[in-house]
2 protein chains.
Amino acid sequence: MISTKGRYGLRVMIDLAQNDNGSYIPLKDIADRQEISKKYLEIIVKQMVEGGLIKGLSGKGGGYKLVKKPEKYTVGEILTLLEGTICSVACLADKNYDCPRRKKCETLPMWKEFDGIVHDYLYSKKLSDLL
Amino acid sequence: MISTKGRYGLRVMIDLAQNDNGSYIPLKDIADRQEISKKYLEIIVKQMVEGGLIKGLSGKGGGYKLVKKPEKYTVGEILTLLEGTICSVACLADKNYDCPRRKKCETLPMWKEFDGIVHDYLYSKKLSDLL
DNA sequence: CCTATTTCCTACTGTGTCAATAGGTTTTTG
DNA sequence: CAAAAACCTATTGACACAGTAGGAAATAGG
């Protein structure tokens, strides 16, 4: 289940794309338009800056803006940054985890296939597809 | 993310299918084979009985068994029972929930499409496919 | 009838994440 | 210098997850 973090973050990205006029867009405007608490968005947006998805500028006239064109972002990369991982099952989420039942597990192949389908969908979907 | 409840429950179903000899299979045997705490499985299995997925018999010689042939179960129905709902986003999980942004939400169509893909995969997958 | 086996039932608990809220500091422009 | 904005740290209440614990009721075999 995708949490509000991922969902709100995606909406911020869409808002930034739709209201892009070359300059920085203040978070207050985004929060108002999207009807989301500005304080909560700060946490999310901070993560997006750290992850290199967007850039921020302090001070008057500051705000946030995209660093790439909307068609260069995939929904998958946005969600992965905010959700940590988009994995359907815990066994696949941590690549270093070596499950003792890996060899004989009857469900693992299915989870892998399922994960592939999810991954393919989300990484083929572009931010520009949502405008 | 599918929790242990759903994953363990699915493995119980597979175990019941694989070890079906007409009579009831004690939970202890399943727990031993699957290397899962019997106590924890009790909770999961209880839910599966209540949901009509399997039936249980108390007393000596008792245990659990499937009520249908493995090819008659879908992975989707098993997971839905145990996880409550298999929905990628909260807005779609509760059918009665009327989101105020429903009309103008740019992400809703994508979530619906995504949910459809997930749903299709899990409900087309049969328990018998995992044996 | 007794006993071993098994499900069935209620309750509890520690840990962690989610979804915010609160209050302040720093940066920048007009 | 003042307003506006990002930036930063901390806290909180609620809830779900992943079990654990202990016993009651049911049932079959001897």
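Lettering follows sequence order; numbering is per chain, from 1.
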K.L.:
Looking at A/Arg11 and A/Asp15, is any side-chain nitrogen of the basic one under 4.0 Å from a carboxylate oxygen of the acidic one?
P.N.:
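No.
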K.L.:
Write down the atom of A/Tyr40, the atom of A/Lys5, and the distance for their closest heavy-atom approach.
P.N.:
OH-N, 4.2 Å
K.L.:
Taking the ring centre of each residue, are A/Tyr121 and B/Phe114 less than 6.0 Å apart?
P.N.:
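Yes, they do, as the ring centres are separated by less than 6.0 Å.
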K.L.:
Hey, is B/Lys72 close enough to B/Glu77 for a salt bridge, meaning N to O under 4.0 Å?
P.N.:
no
K.L.:
Would you mind building the protein contact string for nucleotides 1-15 of chain C? One character per nucleotide, 5' to 3', B for base within reach (heavy atoms under 4.0 Å), S for sugar-phosphate only, - for untouched.
P.N.:
----BBBBB------
K.L.:
Can a donor-acceptor pair be found between the side chains of A/Thr80 and A/Tyr123 at a distance below 3.5 Å?
P.N.:
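The criterion, which ignores hydrogens and geometry beyond distance, is satisfied for A/Tyr123 and A/Thr80.
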K.L.:
Answer yes or no: is there an ion pair linking B/Lys65 with B/Asp20, defined by an N-O contact shorter than 4.0 Å?
P.N.:
no
K.L.:
Cation over ring, B/Lys126 on B/Tyr73, under 6.0 Å and within 45°?
P.N.:
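That pair does not qualify as a cation-pi contact.
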K.L.:
Are any of A/Ser37's side-chain N or O atoms less than 4.0 Å away from OP1 or OP2 of C/dA19?
P.N.:
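So the side chain of A/Ser37 is outside the cut-off, no N or O lying under 4.0 Å from OP1 or OP2 of C/dA19.
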K.L.:
Go through DNA chain D in 5' to 3' direction and return only the first and the last nucleotide with some atom under 4.0 Å of chain B's heavy atoms.
P.N.:
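The footprint of chain B covers D/dA18 to D/dA28.
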K.L.:
Just verifying a value: how many Å separate B/Ile86 CD1 and B/Leu92 CG, rounded to the nearest 0.5 Å?
P.N.:
13.5 Å
K.L.:
Taking only side-chain nitrogens and oxygens of A/Ser3, does any of them come within less than 4.0 Å of OP1 or OP2 of C/dT17?
P.N.:
no
K.L.:
Using whole Å, what does the distance between atom C1' of nucleotide C/dA19 and atom CE of A/Met1 come to?
P.N.:
14 Å
